[in-house]
Each structure stands twice: as structure tokens, then as C-alpha cells.
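One structure below.
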Amino acid sequence: MTSVYEEKNSSKAIMRVGLPAMLGQLTTLIYNIADTFFVSLTKEPATIAAVTLCAPILLIIMSIASIFGMGGSSVIARLLGEGKKEDSNATMYFCIYAMAIAGMVTLVLGLAFLQPLAKISGADADNIAFTCDYLKWIFIGAPFIMLANGFVHLFRSVGLIKEGAIGLVLGNGINIILDYVFIAILGWETAGAALATSFGFVCATVYYLVCLIRQGCKENPLTPKRFSPNAEMVRNVVSIGIPGALITVLMSVSNIVLNNYISIYGSDAVASYGIAYKLDMVPILLSVGLSQGVAPLVGYCYGGNEKKRMSELVKCTTLYGIGMGLAFTAVFMLWGKTLAALFLQDDVLIEQTGYFLKILCLSAPMLGVINMVTSYFQALGKAIKSLTITILRNAALFIPGVVLLNYFWKLNGVIAAQPVVETVLTAICLIMYRKDIRSDGH
């Protein structure tokens, strides 16, 4: 089969890189839902609270992996486009060792400060034991969590799209199976959930390493001698990786602000929004998967000075993203209450959830523009522009938007913050993209 980088048909190339990445994002969502479901079988509120409290720490561990995974992916794809295979191999090995070292440091520090971290996460006397149980196994698995998450991006950058997706699906699938075994059968509660998560990432990491050996590591063995970073390599990787990692961190911050405002209107409002947001995460994650899957291809074209092909890829991917968003908007508008009824029994909550979903889904078509432009700047190594969009989306526009809309329209205004902010951000992204292609002369 023709390499995806040599595929001249833009639509085929986008599908080859985009579909596996979208599948990987979907399995991650399913695993998150399954984790919560199996822990809820304990019927112990403290265990559910513990898993919820630990989620930000798990996200931070994954964010550290993104520094080297997403940053390395951008640099490697551009180096391949420039025909610098030796430099791309050196960057790949640097990223792998950097993730492993960061994982080991996280393991040691995490176990050393387990109790303080649990308290910082919000644990109280009722759930601190469950929280510590969960965090202990997450920190033990930290090196594998980082490697598995980083390998997904690195594999995409060298055209191993299918292998990257298989590892992600494998890890999440094993996690779900072990959730059932450890929690439902063995009764290990939060420790079982964390152990299942870590073991899933161990299996994914082993799979990625086997693939790496088969794809040429025999000629360039993964030995410490290959770990030879220089200042320019580190700077290039980290300057792109940090904005990518901040996406997750700032998203967590914006969600905390949003949840605090929704909680003003009672637990029913929080429950309704929680279900509506879970459903709305489907088009969000699919859009993220599509744009991140295409990003290495865009970087490769940029490195190879194929500006016309690069512009065509960005345009086609954006149109696909908009079309997908419109389809989900139509589905949620027509069957929002039906979907809400899958999770809820109370008629009032179902009505409210369906209404919230109709508001949230208005931003789905705009995700095609925002996510693709963000990935475009990451792929080209333009870290400041990528970071600008991230900060605008999750802090500079969103937080004031929530406060202002709450003041004028109360709960409806808070829920509407997402589509309102992303409408404004779509216009900003289009302006930034047009100015960039003009300045680059393509």
C-alpha cells in the first residue's frame, strides 16, 4: 500500500489518518464511562468521589506525555518532509526516553507525597483512603501511562496510523475488561479501577515497543546511546508540546469554573449538564481525533514545501469537520431527549438535559474550524499561535463569558457560554489562518 505521506488523493489521505485517530478518541471516551460505571456498582459514594477527585491528576500525567508526544510528532513530521530521516529518528528516541524518565520521576514523587496530593485533590475523611488507593496504582503505572499516550502521537508522525490506533484500542479494551474483573468480581473498588487503568497502559506500551522493533529498531536499537538530545531538538519539541499539554490543563480549569456556576442552580442542574456534556463529548472528541490525525500529514507537507497540497488538506479536513458537526447537531436537536432517557429516569431531568444538549450542540460545526486551525499551527511549529487559541478558548474568552452570561441569563446563559465563545473563536481562527497563509505566501 502507498505510504500515507505519498497518497496524492487528499480525501483518501485524510480518511487514512483521521479515522483511526477518531476511533482511538471514541474508545477513550468509552473507557472513561466504563470506569465510572463499574466503580458505581460498589454503591459507595466515597469510591465514586475518589475516582472523580483523582481525574485531574491522571490528566496532568497524560499532559506531561503530550509535551513529548505532540511536540515530537510535529517536529518529526516536518523533518521527514525535509528528508532528514536521521534527525527524525534522533528526535523519536529523545521523546521516548524523555517520557520514560518523566514517568519514573512522577512515580517516585507521587508515592513520596501520596497523602498530601490526595488532600490537595479535595479528599476528605470519608474518601481519603479510597483516593490514596487509586492514586497509588496510578503513580506506579505513570511511566507506562506516559509512554502509551506519547506513542500514539509519535506513531502518527511516522505514518504508523493503524498501529497507533490499535494500541489505544487495545489498552482501553483491556482496561474495561479488567475493570469488571477487579471491581465487580474481586471487589477491589478504587484500587481495582486504578490497577485496571495502569495495566491497560502497560499492555499498550508493550504493543507499541514490539511495533517499534518490527519497524526498524533492529537497525537502530533502542539503547541509551540513542538518547543524544541537543538544545535545538529539546527546544523545538518542548515549544510545541507545552501548548498541546496546556489544552488539557486549561480545559480542566474551565470545566471547574463552569461546574461551580452550574452548581449555584442545584444538583439537578449539575446532573443534567453532566449527562448533556458526556453526549456532547462525542462530536468534540471525534473532531479532535480528526484534526490531530491529520496534523502530521500537514507538517510533512510543510517540511517538504508542498504548500498547495497542505492547504488542500486543511481545507478538506475543515469541511469534513464542519459536516460531521452539522450531522451531530441535527441528531441532538431531533433526539436529544431520547438520548438523555438512556441515562435518566426522571421526566423533568430528561427534559432539562435534552434542552441543555440542544444548546451545547450548536457549537459542534464550529469545532471543525477551531480544532483544525489549532492542529495546523502545532503541525507547522508555530507554538505561540497555537497557544493563543488554547488560552482564548479555555480562559481568556470562556471564563469571562460564563460570568457575563450568568449575570444576564442565569443558568441558560451559563450553558450557552460554550457555543457563544466558540462562535467568536471560530471567527478569530479564520482570521489567524488567512493572515498566516498570506504571510507564508501560499
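Rounding to the nearest 0.5 angstrom, the gap separating the OG atom in S74 from the NZ atom in K382 is 11.5 Å. To the nearest 0.5 Å, atoms CE (M92) and CD1 (I76) are separated by 4.5 Å. Between the CZ atom of R16 and the CG atom of N9 there is a distance of 10.5 Å, given to the nearest 0.5 Å. The CE atom of M99 sits 10.0 Å away from the CZ atom of F94 when rounded to the nearest 0.5 Å. Considering NZ of K307 and OH of Y302, their distance stands at 5.5 Å, rounded to 0.5 Å. Rounding to the nearest 0.5 Å places CD1 of I161 at 8.0 Å from CG of L297.
Between T131 and A118 the shortest heavy-atom distance is CG2-CB, 3.9 Å. M310 and L380 make their closest contact through SD-CD1, 3.9 Å (heavy atoms, listed as atom of the first residue, atom of the second, distance). What you find for G368 and S287 is that their closest heavy atoms are N-OG, 4.0 Å. Nearest heavy-atom pair, L362 versus P419, reported as atom, atom and distance to 0.1 Å: CB-CB, 4.0 Å.
Each of L107, T106, I138, I64 was checked for a side chain to side chain contact (heavy atoms under 4.5 Å, CB included) with I145, and the lone residue meeting it is I138.
Partners of Y277 under the ring-ring contact (aromatic ring centres under 6.0 Å, His included) rule, at least two apart in sequence or in another chain, are Y273. Taking the side-chain contact (heavy atoms from CB on, under 4.5 Å) definition, one finds that I14 meets it with L290, V294, L313, C316, T317, Y320, sequence neighbours left out. Legend: residues meeting ring-ring contact (aromatic ring centres under 6.0 Å, His included) with F199, ordered by chain and number and at least two apart, are absent. Applying the salt bridge (charged side-chain N to carboxylate O under 4.0 Å, His left out) rule to E163 yields no partners; only residues at least two apart in sequence or on another chain are considered. Remark: W137 pairs with no residue by the ring-ring contact (aromatic ring centres under 6.0 Å, His included) rule, at least two apart or across chains. For K385, the salt bridge (charged side-chain N to carboxylate O under 4.0 Å, His left out) criterion is met by D436, not counting sequence neighbours. A search for side-chain contact (heavy atoms from CB on, under 4.5 Å) contacts involving N406 returns Y261, Y265, V414, not counting sequence neighbours. F155 is linked by a ring-ring contact (aromatic ring centres under 6.0 Å, His included) to F151, Y208, counting only residues two or more places apart in sequence or in another chain. Partners of R78 under the salt bridge (charged side-chain N to carboxylate O under 4.0 Å, His left out) rule, at least two apart in sequence or in another chain, do not exist in this structure. Judged as a side-chain hydrogen bond (donor to acceptor under 3.5 Å, both in side chains), and not counting sequence neighbours, T329 has no contacts. The salt bridge (charged side-chain N to carboxylate O under 4.0 Å, His left out) check on E82 picks up K84, with sequence neighbours excluded.
Judged by distance alone, with hydrogens and angles left aside, the side-chain atoms of N175 form no donor-acceptor pair with the main-chain N or O of G171 at under 3.5 Å. Side-chain atoms of S375 never come within 3.5 Å of backbone atoms of M372 as a donor-acceptor pair (strictly under, hydrogens ignored). Side chain of S363 to main chain of L360: a donor-acceptor pair is present (N/O by atom type, distance under 3.5 Å, no hydrogens or angles).
When side chains are defined from C-beta on, V421 does not count as touching M366, because their heavy atoms never get closer than 4.5 Å. Inter-residue side-chain proximity for I415 and I262 is flagged as met; some heavy-atom pair is nearer than 4.5 Å.
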Legend entry - side chain to side chain contact (heavy atoms under 4.5 Å, CB included) evaluation trace for S198 with I140: CA-CA 8 Å; S198 291; I140 288 172; 5.9 Å; no

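Heavy-atom contacts from other residues, nucleotides or ligands closer than 6.0 Å to OH of Y207 number more than 12. The local environment of CZ in F144 is sparse, with at most 12 non-hydrogen atoms from other residues, nucleotides or ligands closer than 6.0 Å.
Here salt bridge (Lys or Arg N to Asp or Glu O under 4.0 Å) pairs that include residues 420-435, with residues two or more places apart or in two chains, are R393-E422.
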